[in-house]
Amino acid sequence: MKISINGESREYEGEATLGDLLRFLGVSPKSVAVERNLKILGRSEMESEPVEPGDSFEIIRLVGGG
Amino acid sequence: MKISINGESREYEGEATLGDLLRFLGVSPKSVAVERNLKILGRSEMESEPVEPGDSFEIIRLVGGG
Amino acid sequence: MKISINGESREYEGEATLGDLLRFLGVSPKSVAVERNLKILGRSEMESEPVEPGDSFEIIRLVGGG
Amino acid sequence: MKISINGESREYEGEATLGDLLRFLGVSPKSVAVERNLKILGRSEMESEPVEPGDSFEIIRLVGGG
Amino acid sequence: MDQPLVIAGRTFHSRLLMGTGKFSSPEIMTKAIEASGTEIVTVALRRVELENPKDSILGAIDTSRYLLLPNTSGARDAEEAVRLARLARAAGCEPWIKLEVIPDPQYLLPDPMETLKAAEILVKDGFIVLPYIQADPILAKRLEELGTATVMPLGSPIGSNRGIRTRDAIEIIIERATVPVVVDAGLGAPSHAAEALEMGADAVLVNTAIAVSGDPESMAAAFRKGVEAGRDAFLAGLGRTLTTAEASSPLTGFLR
Amino acid sequence: MDQPLVIAGRTFHSRLLMGTGKFSSPEIMTKAIEASGTEIVTVALRRVELENPKDSILGAIDTSRYLLLPNTSGARDAEEAVRLARLARAAGCEPWIKLEVIPDPQYLLPDPMETLKAAEILVKDGFIVLPYIQADPILAKRLEELGTATVMPLGSPIGSNRGIRTRDAIEIIIERATVPVVVDAGLGAPSHAAEALEMGADAVLVNTAIAVSGDPESMAAAFRKGVEAGRDAFLAGLGRTLTTAEASSPLTGFLR
Amino acid sequence: MDQPLVIAGRTFHSRLLMGTGKFSSPEIMTKAIEASGTEIVTVALRRVELENPKDSILGAIDTSRYLLLPNTSGARDAEEAVRLARLARAAGCEPWIKLEVIPDPQYLLPDPMETLKAAEILVKDGFIVLPYIQADPILAKRLEELGTATVMPLGSPIGSNRGIRTRDAIEIIIERATVPVVVDAGLGAPSHAAEALEMGADAVLVNTAIAVSGDPESMAAAFRKGVEAGRDAFLAGLGRTLTTAEASSPLTGFLR
Amino acid sequence: MDQPLVIAGRTFHSRLLMGTGKFSSPEIMTKAIEASGTEIVTVALRRVELENPKDSILGAIDTSRYLLLPNTSGARDAEEAVRLARLARAAGCEPWIKLEVIPDPQYLLPDPMETLKAAEILVKDGFIVLPYIQADPILAKRLEELGTATVMPLGSPIGSNRGIRTRDAIEIIIERATVPVVVDAGLGAPSHAAEALEMGADAVLVNTAIAVSGDPESMAAAFRKGVEAGRDAFLAGLGRTLTTAEASSPLTGFLR
């Protein structure tokens with residue numbers, strides 16, 4: 001299915017939960033925040049949140065800053 | 001009748017137009033602005049604007065300022 | 001005899017050495033410098049330096065300063 | 001004869017007065033000061049001051065400055 | 001040749017705006033206004049004193065020669081400022097207003113939010129708005145976007161005579177503004193006014209330094225010259241500053 | 001009414017001394033001198049270039065209108081300075097000399113000891129001596145005691161355009177001097193010149209800021225106005241500076 | 001004895017907040033954090049790079065010892081700032097946020113109106129808000145009234161190393177604030193940090209000056225000492241400044 | 001690693017010299033000396049009071065731990081200064097002398113010529129001379145050439161607490177000196193001391209700011225930290241200052 005991650009359009013054929021997607025991307029859920037279609041997901045929701053065609057995800061992490 | 005001018009309550013028995021009132025007070029209409037019951041009066045309205053019991057007037061003039 | 005100490009004229013009838021004079025004044029030689037008639041005395045000279053009529057002494061010590 | 005002018009050694013065969021030398025050089029006496037062998041010459045001396053072999057002259061003028 | 005100062009389409013040849021407060025007499029004020037060469041004088045609004053109803057500053061200012069610029073001094077919020085602006089217009093002034101919204105009596109610092117709110121209302125209401133503000137480049141830009149005719153950042157607190165203590169921010173405001181920048185408040189000496197113009201400010205507003213001087217007329221003339229000096233220098237182009245020296249006399253040492 | 005500036009018994013109506021170095025052409029220099037209103041122009045001494053013997057600055061300066069003030073630039077010690085002063089006199093200048101003894105080519109800072117030594121010799125020799133010095137109040141007093149006609153403390157290094165970076169010391173020099181204090185060097189803008197006069201300095205000397213400006217004639221006029229503005233303000237009396245504000249409009253709040 | 005710094009009921013013994021940007025490596029950053037003695041480190045939020053998904057700053061900061069203070073850098077308006085704050089919380093941070101709303105990439109100056117708007121929303125949403133602002137005393141007071149935990153006025157533009165160029169305004173902010181005042185941005189040297197604490201600021205935030213130093217670890221230690229020096233001096237009580245001198249040695253002249 | 005401070009071949013690990021004047025009691029002075037970490041304390045010389053002959057500062061200073069540096073305060077000319085230096089040596093001090101020749105009681109400014117004269121005599125006489133001077137780079141160089149062990153330019157008048165008001169000149173002195181530069185006088189806060197060391201000064205001397213503080217012991221500790229902070233920062237390398245900003249957070253805007 002076609003989804004958008006951090007502004008890039010991607011083909012994704014994996015399992016249809018966000019947990020799977022993050023594992024697929026190699027991103028540890030503990031260190032990030034995720035928006036699905038502009039809705040910010042809580043820690044607990046991440047694993048089971050579905051991934052559906054056309055979804056748009058923002059995956060954000062902490063970096064150095066002043 | 002009882003009216004309020006610039007925050008002071010006054011007895012006024014003169015003619016019942018603002019023009020009369022200003023003359024009575026010795027104020028030249030040309031150099032001031034007047035609010036009647038919070039309504040700002042235009043130059044043209046001043047002369048004929050009625051003065052009624054309980055009216056509250058603010059008579060404002062220009063002074064030195066920075 | 002009449003001598004001058006730190007600008008004040010004094011009568012002094014004690015023994016005729018500076019060592020005696022300092023003891024008489026209650027000044028410890030270790031903590032001061034002495035000029036006799038504008039000649040600065042070395043540590044070793046102090047004890048035996050004579051005191052003669054008309055001598056003028058400056059007795060200087062260290063104080064707080066910036 | 002050999003003379004030095006402003007630090008440069010020169011051959012000069014002209015008349016033996018400073019006035020001649022200045023005219024030869026194209027320098028107007030009115031706008032300069034001259035040292036002959038470190039002696040500063042007054043206005044009046046300039047014309048007739050002799051020029052002799054080995055003399056050293058400094059010819060100085062005013063320029064823009066702050 | 002210099003361009004004249006243009007505010008809201010109106011042309012001025014003087015870059016010195018003058019306030020009329022604190023003068024010891026109308027005569028002294030009139031002389032100072034004359035000497036300053038100003039074309040814009042600010043005034044305030046207050047209640048007529050009923051014991052003394054004739055008193056008016058208008059007698060002392062020839063409104064055919066000077067644009068009267070009423071201010072909203074005394075207003076602590078946007079609503080009071082708007083009311084004052086409208087009263088000024090009703091009193092016969094042109095719809096020009098020096099907008100100041102000052103909640104703070106000690107340092108007389110303007111309120112950025114209330115100033116913005118009042119500016120929006122007054123611009124819509126057809127006023128030509130000259131807002132007095134902190135030297136805040138972002139605020140200045142927002143006001144300009146709202147349609148104010150100028151921005152008037154402060155150099156230092158009103159009447160403090162401290163000069164331009166907000167130089168960095170005013171430089172940024174000048175760099176970015178598309179409306180005239182008038183440095184207002186705190187200018188205590190002609191050198192301060194000259195500095196503002198040298199920085200590229202379009203004009204300055206001065207009141208206290210002139211009014212409380214030992215000789216207001218001379219001080220007004222001094223500020224006039226200071227403003228002209230600063231403007232001329234800005235146009236002629238100032239040299240860059242160096243951390244070392246640069247000889248003004250030829251460097252070829254004497255006899256070398 | 002202002003008193004004129006008096007140096008060594010001679011009266012001047014301008015408080016701006018101008019240097020003649022670094023101008024791109026004699027014509028531009030002449031125009032700038034004219035525009036500055038100065039009555040004293042400084043010049044340097046150098047060897048005649050034998051390839052170009054006719055060249056002289058005198059053609060460009062009307063010595064009937066301006067006092068030529070030769071400087072001793074290039075002198076690194078007292079002896080060279082004295083020699084230069086005497087050469088200047090021999091070249092037909094009046095016995096006025098701007099004494100500068102500068103061992104240091106990078107910052108062009110004057111040598112206090114050599115300056116003092118040269119001043120003593122030149123005063124005895126009948127010169128009217130205007131010494132260029134660090135802003136050192138004790139040195140200034142010593143020179144005055146030796147009989148110099150002025151003291152000329154620096155604001156910042158020559159040609160640096162940094163303005164008055166020695167304010168504290170110059171204030172002390174002014175407070176104590178019994179001869180005119182002329183602030184010299186580093187004045188890069190009319191606001192700097194105005195500041196000096198506002199502080200109570202008797203005059204300023206400017207060269208680089210005018211000569212290297214994009215428009216020397218306008219810049220000279222700007223400095224003239226800056227100097228006049230500062231002097232007028234000093235005479236009129238500047239207000240004191242405050243750390244808080246002081247309202248220029250009546251403090252009785254609006255409708256209160 | 002000094003009181004510890006208390007922000008939103010939480011106690012800190014260090015008055016130096018440290019930013020984590022611009023370090024050349026995580027190791028150097030970790031050493032600098034350690035040397036600074038800080039208890040609060042700021043971080044930013046950005047998209048995960050999908051090519052490099054493992055990379056995280058969290059590995060380099062022991063969150064049991066340091067409070068992570070995420071900032072809203074990159075937000076140009078209130079809405080983006082609020083979104084970033086919520087993402088930070090969702091990423092596992094405590095609900096503390098350094099609020100910065102910066103529409104301007106050149107000087108990185110904060111927007112007062114958008115900052116106020118975002119602060120109101122975030123305070124209602126349960127965040128502990130530390131807003132980065134211009135040194136505007138009225139704005140600071142409004143934010144405090146909205147319930148922000150501190151105010152963080154800037155000394156000079158971010159990363160400029162210019163120090164405290166807004167001293168007058170910061171003094172007023174400190175005089176009036178009832179929440180801690182943290183001077184942020186532009187502090188380029190320990191002397192700048194010491195000055196802020198001597199003025200009575202409760203803390204400072206430093207990033208660039210440490211991160212880009214030749215030796216970040218030593219510079220962090222230097223800032224730690226500077227902050228402690230300034231705080232100690234503020235508590236001990238600084239002497240007043242004089243325009244004249246006051247002898248430190250006895251004034252009875254020698255032999256007099 | 002830092003090099004220790006070396007003066008005349010003697011090594012010191014503290015870069016803070018401390019004066020002993022103006023303390024309210026010997027106990028408080030002793031505690032402050034301890035807290036400052038200093039290794040050099042200055043003292044003055046005065047006549048013994050015959051009514052109170054026992055009184056001596058030596059009881060309060062452990063001369064095995066601190067180098068006593070007598071000053072020549074009270075001397076108005078070279079001759080008095082030399083006499084005082086010799087008396088200090090006769091009183092048992094090592095031949096180190098802080099040379100100050102001050103004709104002026106109001107601003108306590110040193111006399112450059114008399115200082116130079118006294119320095120020459122004292123150096124020949126075997127003294128290690130630390131002269132207190134105006135911030136005059138040429139004078140500093142001359143003293144160094146005469147063989148003084150340091151130069152001690154003033155930041156501002158003694159006891160004025162104004163900090164470094166002679167920054168430009170001190171920067172030049174530091175750039176050129178081959179002996180240690182000790183900034184003396186006027187340092188009123190740890191930030192001033194830190195600034196001096198950041199500029200590259202080798203040490204500072206502080207008295208009034210510590211002695212007259214509400215808590216001299218804490219203030220001494222604060223100056224110690226300020227000096228260390230400034231030195232560490234100088235060694236670590238300070239960033240350059242910018243007129244614009246430079247982001248500390250990544251510039252890739254959020255979600256962009």
Side-chain angles (χ1 to χ4, degrees), chain E residues 19 21-22 44-47 71 73-76 80 84 106-108 157-162 188-191 194-195 198 207-209 211-215 218-219 221-223 225-226 228-230 232-233 235-250 252-255, chain F residues 19 21-22 44-47 71 73-76 80 84 106-108 157-162 188-191 194-195 198 207-209 211-215 218-219 221-223 225-226 228-230 232-233 235-250 252-255:
Chain E
K22 291 184 177 175
L45 282 90
R46 291 295 181 270
R47 280 172 164 170
N71 67 34
S73 63
R76 292 163 307 178
E80 289 185 347
L84 271 162
Q106 184 180 8
Y107 294 103
L108 301 174
I158 293 173
S160 71
N161 289 328
R162 304 188 98 190
S191 58
E195 181 186 1
E198 288 162 3
N207 184 344
T208 298
V212 306
S213 161
D215 179 348
S218 304
M219 189 59 84
F223 269 93
K225 287 176 184 166
E228 291 172 358
D232 292 352
L235 293 171
L238 291 159
R240 72 198 192 300
T241 62
L242 309 171
T243 55
T244 60
E246 193 170 85
S248 47
S249 301
T252 60
F254 157 60
L255 306 194
Chain F
K22 292 183 176 176
L45 282 88
R46 291 294 182 269
R47 280 171 163 169
N71 67 36
S73 62
R76 291 162 308 176
E80 289 186 349
L84 272 162
Q106 183 181 9
Y107 295 102
L108 301 174
I158 293 172
S160 69
N161 289 329
R162 303 189 100 190
S191 58
E195 181 186 1
E198 288 162 3
N207 185 344
T208 298
V212 307
S213 162
D215 180 347
S218 305
M219 189 59 84
F223 268 94
K225 286 175 183 167
E228 292 172 356
D232 292 351
L235 293 171
L238 291 159
R240 74 198 189 298
T241 62
L242 309 171
T243 56
T244 60
E246 191 171 86
S248 47
S249 301
T252 61
F254 156 61
L255 305 195

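In what follows, every chain begins at residue 1, and chains take the letters A, B, ... in the order their sequences are listed. The figures that follow rest on heavy atoms only: side chains count, while hydrogens, waters and symmetry mates do not.
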Kindly say whether E/K225 contributes a backbone atom to a donor-acceptor pair with the side chain of F/E228 at under 3.5 angstrom?
no
Any donor-acceptor pair under 3.5 Å from E/S213 side chain to F/G237 backbone:
yes
Is any side-chain heavy atom of F/V212 closer than 4.5 Å to one of E/S248?
no
Give the member of [options] that has the highest number of heavy-atom pairs under 4.5 Å with chain F.
options: E/A229, E/S218, E/A221, E/G226; value: E/A229
options: E/S160, E/G19, E/G159, E/A233; value: E/S160
options: E/G239, E/G214, E/G21, E/S191; value: E/S191
options: E/R240, E/E246, E/M219; value: E/E246

Region of [X] that comes under 4.5 Å of a non-hydrogen atom in chain F:
X: E/A44; answer: side chain
X: E/E198; answer: side chain
X: E/A209; answer: neither

Starting at CG of E/N161, measure out to CG of F/L238 and round the result to the nearest 0.5 Å.
8.0 Å
Which atom of E/A247 lies closest to which atom of F/I158, heavy atoms considered
CA-CG2, 4.2 Å
